[in-house]
Structure formats: C-alpha cells, structure tokens
Visitor: 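Next up is a structure, given as structure tokens.
Both ligands and their constituent atoms are indexed starting at 1 by order of listing.
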Amino acid sequence: MYCYQCEQTARGEACTKIGVCGKQPDVAALQDLLVYALQGLSLVAVEARKVGVNDEAVNVFTAKAMFSTLTNVNFDATRFEPLLRDCVRFREVLKSTLAAKGVSPDWHEAATFEPAPDLAGLVAQGEVHSIENDLETDADIKSLKQTVVYGVKGVAAYADHAEILDQSDDAVYASIQELLADTLRLDMDLGAWVQRALDCGNANIRAMELLDAGNTGVYGHPVPTEVPLGARAGKAILVSGHDLKDLELLLKQTEGTGINIYTHGEMLPCHGYPELKKYGHFHGHYGTAWQNQLTEFAEFPGAILMTTNCIQKPSEAYMGHIFTTGLVGWPGAAHIADKDFTPVIDKAMDLPGFTEDINAGSVTVGFGRNAVLNVAETVVGAVKNGAIRHFFLVAGCDGAKPGRNYYTEFVEKVPEDCVVLTLACGKFRFFDRQLGDIGGIPRLLDVGQCNDAYSAVKIALALADAFDCGVNDLPLSLVLSWYEQKAVAILLSLLALGVKDIRLGPSLPAFISPNVLNFLVENYDIKPISSPDEDLRAILG
Ligand code: FSO
Ligand code: SF4
C-alpha cells in the first residue's frame with residue numbers, strides 16, 4: 001500500500017505497511033481500485049454529457065463512492081466489493097447508451113477493465129493501481145494531480161451530505177466527473193493542473209453552499225445555544241460524525257423511550273439548530289474530538305452511533321456497543337443500512353446509562369453566518385471604534401499529534417481585544433475556554449462543523465462588504481489545521497477565492513512537492529505555523 005492522503009501519514013511521507021489510521025493494505029488496495037474505477041466511470045460520464053446523456057443515479061453514486069475512500073470513513077473490505085461492482089455496472093450501462101448513439105471511442109483501460117470475481121482478486125487488481133505505479137513521471141504534476149483527487153474526495157463528501165438533504169446541483173457532479181476523468185490524462189502541463197486545483201476549489205464552494213442550504217433549510221439557522229457538557233441520569237446514546245439527518249431520525253425514534261441523546265465530536269454544533277434542539281431528550285455533549293474516542297467511547301455508559309468520519313478501531317470495551325450507518329464502517333461493528341435504529345435503542349436499554357446527573361459546565365454553540373451577521377452592525381462598529389482589533393479564524397481538524405497544542409496555546413494567547421471564530425473538530429483544543437466578550441460579542445464564536453466552512457466564508461465576505469475592502473484587507477487572519485480530504489477541498493476553495501496569508505499546520509501535506517509549495521508561498525503567501533508567540537507577533541505587530 002501507499003497512502004499519503006492525510007496529515008497523520010507515517011513519517012510525514014506515506015503509510016506503506018499499514019495505515020496510521022488503522023487502514024489495512026487490502027482496504028487501501030480496494031480504495032485505490034475504486035478511485036481508478038470511478039475515474040473510468042467519470043470518463044464515460046463526461047463523454048455521455050457531451051451527447052445529452054446524464055444519469056442522476058451515476059452522479060449520486062460517484063459522490064458516495066468517492067466519499068467512502070476518505071480518511072477514517074470505511075475500513076471494512078467487504079463494503080468495497082459492491083461499490084466496485086456497481087461502479088463497473090453503471091459504467092457499462094452508460095457505455096451501451098453511448099454505443100447506441102454511435103459513440104464508441106477507444107476507451108482508457110480505467111473504463112474497460114473487468115473486476116475480478118472475488119475480493120482477493122479485486123485486492124490484487126487494486127495493488128496495480130497504487131499511487132506508486134502512477135504513470136505520471138513529473139513530481140510536481142503528480143503532486144497537483146493527487147491534490148485534485150483528494151480535493152474531489154472532499155467535494156464528494158459535501159455533495160453527498162447535501163444530497164441527503166435533497167440539495168444537489170448538476171454542475172457539482174459535472175465538475176467531480178471532469179476532474180476525475182482528467183486525472184487519467186498524461187498530457188496536461190503544470191499550469192493546467194494548477195487551474196484544475198482551483199476548479200476543484202470552486203466546485204467545493206458550490207457543494208458547501210448546497211450543504212449549507214440543506215442544513216439551514218431543513219433544520220433552521222443555528223441560534224446561540226448553551227450545551228451542557230455533563231449528563232442527565234438515564235439511558236444514553238452518543239452520536240458522532242457529521243450527519244444531521246441521522247441525528248434527527250434517531251431523535252424521532254427515541255422520543256418517549258426515556259433515552260437521552262448526546263453529541264460527540266463534530267456533532268456538537270447540532271445543538272444550535274432549532275429543528276433539532278426542540279427535542280427535550282437531546283441533552284448535551286460528551287467528550288471531545290475524534291482522536292480521543294478510544295477513551296471517551298469506552299467510558300460512555302450507553303450505545304454509540306457513528307454517522308460519518310472519523311471512526312477509529314473500536315476497542316474490546318465498546319465493540320459491542322458501537323453501530324455504524326451511512327458510508328462509515330468498521331469490520332465487526334454492527335452496521336445499520338436502513339436507518340431503523342432499533343438495535344441502537346435496544347443496546348442503550350441494555351446498558352446502565354448515567355446513574356446520576358453530572359454537572360460539568362457548558363459551552364455555547366450556534367454562531368453560524370445568520371447569527372453572526374444579525375449583529376454585523378455591532379461587530380463593524382466595535383472594529384471601527386477600536387474595541388475589536390483583530391479576528392482570527394482558528395479552524396480545521398484535530399488529530400493526535402502533540403504539535404496540535406499550538407492551537408490551544410494560540411487561542412489562549414490571543415489578546416483580549418481580539419475575537420476568535422472557530423469551526424470543525426480542531427476547536428476541542430479550546431472549546432471550553434471562557435474567553436468572555438467584547439461589548440456583548442463573545443470572544444469565542446463557534447461557527448459549526450468543518451461542514452459549515454461555507455458559513456465562515458460568508459461571514460468574511462459580508463465583513464469585507466461592510467468595510468468596503470477585499471477579504472485579504474480585513475483585520476482577519478486564518479490559522480488552520482488540516483487532517484483529511486475535506487480540509488484539502490476547503491483549502492482549495494480559499495485559494496480559489498484568492499484568500500492569502502493562511503497559516504497551516506500542524507504539518508504540510510506529504511503530497512505537496514517542494515515546487516508546488518513554493519508556488520503556494522509565492523502566489524498565496526501560505527505559510528506553516530511556527531510558534532503561537534511568533535505568529536501572533538507577525539500578525540498583530
Ligand atoms: Fe474532524 Fe474527522 Fe470534521 Fe474531518 S471529525 S477530522 S475535516 O473528518 O471532518 O473536522
Ligand atoms: Fe495513512 Fe492517512 Fe492514508 Fe490512513 S488515510 S493510510 S493514516 S495516509
């Protein structure tokens with residue numbers, strides 16, 4: 001195997017024996033084969049679009065299948081076999097439709113290969129399509145090509161989340177397919193690949209916009225909401241991942257059972273949505289970010305439901321209590337495909353639950369674009385009269401590396417006349433800090449999940465509008481942490497928007513070649529994080 005798609009890749013280079021995330025070589029090979037098969041399907045879909053053939057089922061499938069290869073989503077080899085067979089079936093149906101219209105080009109091998117009849121054969125086929133065997137010889141083009149593949153995984157994740165809430169735009173699917181089809185080409189120069197990376201960023205902005213419309217359209221705009229961090233005596237279910245609809249279904253199915261529902265990790269911001277917070281048994285938040293699940297899940301006295309990434313290898317202590325749904329999977333963990341969560345509810349009933357009320361304080365969530373922009377005048381006034389000196393968007397993913405303490409320290413050291421906006425699971429490094437307020441404006445504003453990055457972009461654009469300047473001229477600095485491929489897509493979106501001077505950590509992507517990095521530094525002034533003191537000095541002077 002050879003995988004370097006996420007931040008925790010082995011030695012900062014690549015996972016070659018087993019994934020640091022727990023991904024086994026067979027799953028890595030199946031994921032490589034699925035990406036290859038999706039490149040082939042996309043090639044056919046692009047040709048089909050040219051003659052007016054466009055299959056919604058193919059589009060939705062492409063996004064789901066790409067999403068399932070994202071870090072920490074699906075570790076179950078058996079789940080990849082049907083995806084591979086469906087992919088080839090879709091491809092062949094599209095090809096027949098095209099042939100009937102007289103379109104039968106000399107297809108690339110990605111659009112013609114026959115999948116092996118069994119899982120072992122598929123694994124062997126996947127090994128051939130490892131990144132190491134890529135025919136591209138130019139290191140910088142290979143770097144940008146992989147950046148596009150990973151960016152597309154992020155776009156696919158957002159498109160899938162949006163589609164679940166009935167929001168889709170054919171332009172996003174068309175971009176996903178064009179970009180994937182292009183990754184098979186060997187005739188594009190560096191400039192063309194830079195453009196593809198920016199195209200991917202633009203497609204991601206639209207996908208995030210759709211997801212924002214889905215989340216706020218179905219569940220209302222988040223409102224500032226105090227979320228207890230303790231517990232209420234009684235049976236309990238913990239929901240992790242990012243999927244709001246799964247949470248809603250579970251809340252409906254547990255109504256009247258006496259079970260209390262708790263969020264974990266990236267589900268915390270769900271407490272701010274009016275159509276979710278209305279449930280009396282949607283109690284509070286338990287634990288911190290994904291990489292702490294081994295300890296936190298083992299201590300949770302109820303059932304656990306993983307709706308999306310980031311799942312880790314469940315320990316013996318809770319293997320029998322954890323359930324997966326949607327695209328997420330772990331071999332041996334019970335999977336609920338039909339959204340009937342009865343087994344989760346039954347398990348919660350069997351487990352002790354919390355035996356007493358626990359008071360552990362609270363945090364406030366719900367500062368999405370609507371809530372922040374409702375007080376835009378006050379915010380702008382506070383900047384103009386000098387009460388607010390600077391905004392920091394300290395956002396992105398969390399992870400296990402000690403270098404991520406930078407973000408905790410950074411936020412603790414931000415001067416008192418500055419405001420911190422945050423989103424995604426990286427916030428658990430500081431989410432419970434009491435930073436007070438500036439004239440009623442909280443100094444720590446939780447914008448939401450990584451899936452709500454669009455909300456932060458809208459806030460920045462609205463502020464730029466109010467100050468009649470560009471985003472790069474705002475008193476705003478972006479201090480980002482990345483981990484997986486949704487973060488890659490968001491980064492490409494920021495570059496596509498022309499945002500400069502981003503600080504990125506805890507380490508730079510292994511798939512970025514030195515020349516591509518130089519290009520980013522020269523054109524976007526992107527820089528690695530250094531130390532909180534040094535970076536704050538450089539930003540604030
Ligand atoms: Fe975190 Fe995981 Fe939301 Fe990522 S839970 S790391 S960017 O997959 O999705 O922020
Ligand atoms: Fe390694 Fe990350 Fe790939 Fe897992 S997803 S195998 S940790 S690079």
Visitor: With a 4.5 Å cut-off on side-chain heavy atoms, are Ile311 and Thr324 touching?
Guide: yes

Visitor: May I ask which of Ala28, Ala14, Cys21, Cys15 has a heavy atom nearer to atom 4 (Fe) of ligand 2 than the others do?
Guide: Cys21

Visitor: Starting from atom 1 (Fe) of ligand 1, which protein heavy atom do you reach first, and at what distance in Å?
Guide: Cys425 SG, 2.3 Å

Visitor: How many angstroms lie between atom CG of Leu238 and atom NE2 of His264, to the nearest 0.5 angstrom?
Guide: 6.0 Å

Visitor: When you compare ligand 1 with Asn309, is there at least one nitrogen or oxygen pair between them that comes in under 3.5 angstrom?
Guide: yes

Visitor: Classify the contact between Gln5 and ligand 2 as side chain, backbone, both or neither, using a heavy-atom distance cut-off of under 4.0 Å.
Guide: both

Visitor: Could you tell me, atom by atom, which parts of ligand 1 come under 4.0 Å of a heavy atom of Ala424?
Guide: 10 (O)

Visitor: Would you call Glu136 and Lys145 a salt bridge, taking side-chain N to carboxylate O under 4.0 Å as the test?
Guide: no

Visitor: Below 4.0 Å, non-hydrogen atoms only: which portion of Gln449 touches ligand 1? Side chain, backbone, both or neither.
Guide: neither

Visitor: Please check if the distance between the ring centroids of Phe392 and Phe410 is under 6.0 Å.
Guide: yes

Visitor: Using a strict 4.0 Å cut-off to heavy atoms of His242, name the atoms of ligand 1 that fall inside it.
Guide: 3 (Fe), 5 (S), 9 (O)

Visitor: Mark up the atoms of ligand 2 that fall under 4.0 Å of a heavy atom belonging to Cys3, in ascending order.
Guide: 3 (Fe), 5 (S), 6 (S), 8 (S)

Visitor: Below 4.0 angstrom from a heavy atom of Thr9, which ligand 2 atoms are there? Numbered from 1 as shown, please.
Guide: 8 (S)

Visitor: Examine distances only and state if a side-chain atom of Asp452 and a backbone atom of Gln449 form a donor-acceptor pair shorter than 3.5 Å.
Guide: yes

Visitor: Quick check on contacts: which atoms of ligand 1 are under 4.0 angstrom from a heavy atom of Tyr483?
Guide: 6 (S)

Visitor: For the pair Glu296 (side chain) and Tyr286 (backbone), establish whether a donor and an acceptor sit closer than 3.5 Å, ignoring hydrogens and angles.
Guide: no

Visitor: With carbon and hydrogen excluded and only N/O/S kept, which atom of Glu266 is nearest atom 3 (Fe) of ligand 1?
Guide: OE2

Visitor: Number the atoms of ligand 2 from 1 as they appear, then name those within less than 4.0 Å of a heavy atom of Gly19, with their elements.
Guide: 6 (S)

Visitor: Verify the distance criterion only: is there a donor paired with an acceptor across the side chains of Asn74 and Ser68 at less than 3.5 Å?
Guide: no

Visitor: Which atoms of ligand 1 have any heavy atom of Cys310 under 4.0 Å away?
Guide: 2 (Fe), 5 (S), 6 (S), 8 (O)

Visitor: Identify, by atom number and element, the atoms of ligand 2 in contact range of Gln8, meaning under 4.0 Å from any of its heavy atoms.
Guide: 7 (S)

Visitor: Just jot down the ligand 1 atoms closer than 4.0 angstrom to any heavy atom of Lys486, in number order.
Guide: 9 (O)

Visitor: Run through Thr408, Asn405, Thr288, Thr422 and flag the one making a side-chain hydrogen bond (donor to acceptor under 3.5 Å, both in side chains) with Arg429.
Guide: Asn405

Visitor: Give a yes or no answer on whether the side chain of Gln8 reaches the backbone of Tyr483 with a donor-acceptor pair at less than 3.5 Å.
Guide: no

Visitor: Report, in ascending order of atom number, the atoms of ligand 2 lying under 4.0 Å from any heavy atom of Val20.
Guide: 1 (Fe), 7 (S)

Visitor: Could you identify the single nearest non-hydrogen protein atom to atom 8 (O) of ligand 1 and state the distance to 0.1 Å?
Guide: Glu484 OE2, 2.4 Å

Visitor: Taking the six-membered ring for Trp, are Phe428 and Phe431 closer than 6.0 Å centroid to centroid?
Guide: yes

Visitor: Verify the distance test for Cys6 against atom 2 (Fe) of ligand 2: any N/O/S atom under 2.8 Å, yes or no.
Guide: yes

